[in-house]
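Notes to accompany the following structure.
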Amino acid sequence: MQLKSIEKLMQKFSNRKEQLYKQKEDGRKVFGMFCAYVPIEIILAANAIPVGLCGGKNDTIPIAEEDLPRNLCPLIKSSYGFKKAKSCPYFEASDIVIGETTCEGKKKMFELMEKLVPMHIMHLPHLKDEESLKIWINEVEKLKELVEKETGNKITEEKLKEAIDKVNKLRELFYKLYELRKNKPVPIKGLDVLKIFQFAYLLDIDDTIEVLEDLIKELEERVKKGEGFEGKRILITGCPMVAGNNKIVELIEEVGGVVVGEESCTGTRFFENFVEGYSIEDIAKRYFKIPCACRFKNDERIENIIRLAKELDVDGVVYYTLQCCHTFNIEGSKVEEALKEEGIPIIRIETDYSESDREQLKTRLEAFIEMI
Ligand code: BJ8
């Protein structure tokens with residue numbers, strides 16, 4: 001029961017490298033990014049291209065460990081390894097890379113990475129008060145200046161409005177997708193949705209919008225016919241699962257679960273909240289709200305998880321942490337406590353990009369799914 005829109009997504013992804021290099025030849029600048037906090041509206045408004053660079057593969061970790069400690073988050077090592085090995089076409093296409101002060105590991109890795117590629121670091125304050133918001137608005141202003149300088153293109157009010165409307169449209173489509181996933185049976189598997197989020201960081205935004213529009217129509221048809229997937233309904237929450245890292249979703253769906261939602265940067269943190277207005281300040285305010293565990297006192301995230309679990313009517317929550325990701329790991333205790341109070345079953349999983357724990361994780365997830 002493969003969806004035509006997912007086939008189209010895969011097709012677009014396989015053509016993306018060629019398309020990106022062609023866009024570069026045509027004079028468009030490429031901005032690499034490591035985080036959902038980078039406001040892509042600014043990049044698009046200067047006719048430049050944003051691409052996500054977070055690494056999701058184990059292969060590049062050994063070369064990264066020549067410079068980085070072994071006990072470090074695999075996402076950080078994989079990303080650094082891709083640059084060091086020059087093996088990622090998106091990295092190699094990037095004219096400049098935007099980093100940000102989110103977690104300790106990424107921040108310090110950027111200090112090494114800036115020897116390999118031109119970088120610009122955005123200061124994301126970890127507090128959520130008014131003073132911090134001012135700092136962040138200023139950071140977004142600075143990004144605008146940098147993007148204008150790098151591209152030689154002025155970000156006019158009109159261009160900014162166009163970009164804001166486009167990214168909001170993308171968000172609206174993701175909201176619709178989440179609405180459709182409330183249905184029983186759920187019309188789409190979690191693994192297909194994960195691919196959409198992963199590729200949304202890499203594809204041309206117009207292509208992602210096209211795929212999502214087709215997908216919504218296909219899913220509406222499925223819902224009308226009562227078609228879809230049965231199984232224990234699971235919400236995943238935690239670290240992002242970037243391209244190459246599908247292990248947990250694959251396992252959940254192998255053992256009788258079906259992922260119906262993701263509270264993650266390859267999930268709701270990517271699209272929730274519209275930019276409400278057309279100024280730099282409006283853009284900054286939307287991104288400032290992203291509830292990443294690297295922020296101090298992140299109760300909105302816990303509220304979101306409970307809300308999503310109820311809205312999507314899940315049977316259980318899989319809390320997923322990458323090894324050595326202290327922020328998400330520690331916040332997991334608060335999430336676990338809050339979910340237990342609500343009577344929502346939760347399992348906490350910590351893993352890396354290797355396959356060595358696959359069988360062990362499968363056994364634990366199988367037991368969890370049987371129990372809920
Ligand atoms: S907004 S989640 S994309 S920082 S998993 S590298 S936090 S040690 S990726 Fe993230 Fe931005 Fe937050 Fe989203 Fe560090 Fe944790 Fe590794 Fe992480």
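Note that ligands are numbered from 1 as they come in the structure, with each ligand's atoms numbered from 1 the same way. This one's a predicted model, so the numbers in the text were calculated from it and none came from an experiment.
- Heavy-atom proximity to A36, at under 4.0 Å, picks out these atoms of ligand 1: 3 (S), 11 (Fe).
- Protein heavy atom at the shortest distance from atom 9 (S) of ligand 1 is P240 CG, 3.6 Å.
- Below the 2.8 Å limit, atom 15 (Fe) of ligand 1 has as protein N, O or S neighbours C325 SG.
- A salt bridge is absent between D207 and K8; no separation between the charged side-chain nitrogens and carboxylate oxygens falls under 4.0 Å.
- Under a 4.0 Å criterion applied to the non-hydrogen atoms of T102, ligand 1 contributes the atoms 4 (S).
- By the 30° and 60° cut-offs, the orientation of the rings of F174 relative to F270 is perpendicular.
- Using modelled atom types, one finds no donor on one side chain facing an acceptor on the other under 3.5 Å when comparing N58 with E355.
- Around NZ of K108, the count of heavy atoms belonging to other residues, nucleotides or ligands within 6.0 Å does not exceed 12.
- Residue pairs meeting the salt bridge (Lys or Arg N to Asp or Glu O under 4.0 Å) criterion with at least one partner in residues 176-185, sequence neighbours excluded, are E179-K182, R181-E262, K184-D313.
- Using cut-offs of 30° and 60° for the angle between ring planes, the F197 and Y178 rings count as perpendicular.
- Between Y37 and W136, the angle of the ring planes goes over 60°, which puts this pair in the perpendicular group of the 30/60° scheme.
- Using a 4.0 Å cut-off between heavy atoms, R269 contacts ligand 1 through its side chain alone, with no backbone atom that close.
- Residue C35 approaches ligand 1 through these ligand atoms, each under 4.0 Å from one of its heavy atoms: 1 (S), 3 (S), 4 (S), 11 (Fe).
- Closest to atom 13 (Fe) of ligand 1 among all protein heavy atoms lies C265 SG, 2.3 Å.
- Going from atom NZ of K149 over to atom CD1 of I96 covers 8.0 Å, rounded to the nearest 0.5 Å.
- For H123 (side chain) and T101 (main-chain N/O), no donor-acceptor pair under 3.5 Å exists by modelled atom type.
- Short contacts between ligand 1 and C292, defined as distances under 4.0 Å to a heavy atom of the residue, involve ligand atoms 1 (S), 2 (S), 4 (S), 12 (Fe).
- Counting only non-hydrogen atoms, the option in F34, Y37, Y320 that gets closest to atom 1 (S) of ligand 1 is Y37.
- Under a cut-off of 6.0 angstrom, the local environment of NZ in K107 is crowded, with over 12 non-hydrogen atoms contributed by other residues, nucleotides or ligands.
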